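In what follows, a structure is listed as structure tokens, so that the remarks can point back to it.
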Amino acid sequence: MAGGIWFAASGDTSSGADGEKTPQARILSEIPTPKVGKDPVRVEGLWTTDRHFVKAGVKKVTGYPLAGGAAQWEISLGGEICWTTPHVTPDGLTPVLFHGGDRDNPVCTQIGLLDLRQGTLRWQHEVTGEYGHRVMFDEVTVGGGTVAAGGSDGGAAWSLDGAALWKPEEDAECRDVGYGGGAGLVAVRHCGDISTPTVDVQTLDPKTRQVRSTYQVAKGIEYLHVLSTAPLVLGIEDERKQSTGVTDLLAIDDGAARATVRSTIGVGGDRYEVDCQPSVVESCTGLAVSKGADAAFLATEQDVDAATRNEVVALALGTGKEAGRTPGSPDANLRVLGLDADGSVLAYQETTLGGDGGAVWRIDPRSHRKTPLLRNGPEGRDTEASFEAGGQVHYARGRLYLGQELISDPDEPTERNGPLAIVIGVP
């Protein structure tokens, strides 16, 4: 399932900083939301390949042309989606966790590997414990060519061809509660008492689970998130600091068997917009980690009285100090999306109250100079804004993709749902 900055005067499509004209875009395609009933249904999952825009729906995943349009393929799943990851292998493979079991007792036990280029389910597995029960998982990812799923019962992993690599050990002292993927594979382990565990982070050989490096987390820290595996950056929630959410970023040197902290960067106190689910290891959005710049990029919290609504700040991983700022717009919030293929930071400028559509910018990770990539026209503003409360945002190949994560039918019969997903681009 692990997303700035800008310059946009109302009604103006120029960048305001370098004289470049922002490409004027509009909504190219809308995917309708299916009827599901009053109970929320998870439809998390949004990816692109060189061929398709792919959106998770109700117990299925569907591929569309990159500019939107009629579905080109559909993968049917046996149950509702529980978790996805933004990580996709170079050949278009990504895992998904979904419900299994009987209809009256659906649980998150099924791991499947999707082929987003071919529109197929490569394989589907579940894990049976030593006592015959189905092992439940909380999340799944892919890193270093290995699919890994973790949860309170422990972790399991498979190769991309579906061969089992490891699974939870019954009554083990330590449990892999989750993994960070991407370039490498990192496990977060809880050891001892399940209610007050000690926590460590292991950098793994993704093929064998041999431990290459271990970082022992300070006592009292239970919620921990992997923000990047290369370089290794963690987000911790230190309740002793009387702040909710992630309070610190830890840049970790995992080059030796005993990992050490390069820097500790305080980000608590509602200073930055980082969104993480407390008990899920790989769940944070709203930031980017650049290996080339050796920095983390975060958007500051909104300040309606400031010259710009918020900014994107670069924080050096080696020193923990601020390395640069990119100012935003006076009337729209910025969200960091991640990095593009060249290592630049991508940021999404949300719609404005005055009626302008959103925009996408590229930020140079060293000079912090911003370049406009796309600006949506005002006629699509309301539809676009419907995704800002909790939708997924993805930019690729000149187009902006927005998708819902949870859907349910409206409370009133006269109300209608907005789209499940939209594609914004230059006609």
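Being a predicted model, the structure only gives us computed values, none of them experimental.
The side-chain contact (heavy atoms from CB on, under 4.5 Å) test with Arg51 singles out one residue from Val54, Thr48, Thr49, and that residue is Thr49.
Contact check on Asp91 versus Arg117 returns no salt bridge, with no Lys/Arg side-chain nitrogen under 4.0 Å from an Asp/Glu carboxylate oxygen. Using a cutoff of 4.0 Å between basic side-chain nitrogens and carboxylate oxygens, Arg369 and Asp364 are not scored as salt-bridged. Salt-bridge check for Arg335 with Glu350: passed, with a basic side-chain N closer than 4.0 Å to an acidic carboxylate O. Residues Arg397 and Asp50 are not paired through a salt bridge, judged by the lack of any N-O separation under 4.0 Å between the basic side chain and the carboxylate. Between Asp253 and Arg262, none of the side-chain N atoms (NZ, or NE/NH1/NH2) sits under 4.0 Å from a carboxylate O, so this pair counts as no salt bridge.
Between the side chain of Glu139 and the backbone N or O of Glu282 there is at least one donor-acceptor pair closer than 3.5 Å. Within the 3.5 Å criterion, the main-chain N or O of Ser344 finds no donor-acceptor partner in the side chain of Asp342. Side chain of His368 to main chain of Ala323: a donor-acceptor pair is present (N/O by atom type, distance under 3.5 Å, no hydrogens or angles).
The distance from atom CD of Glu222 to atom CD of Glu237, rounded to the nearest 0.5 Å, is 9.5 Å.
Residue pairs meeting the side-chain hydrogen bond (donor to acceptor under 3.5 Å, both in side chains) criterion with at least one member in residues 59-71, sequence neighbours excluded: Lys60-Glu74. Applying the side-chain hydrogen bond (donor to acceptor under 3.5 Å, both in side chains) rule to pairs touching residues 146-159 yields Ser159-Asp161, sequence neighbours excluded.
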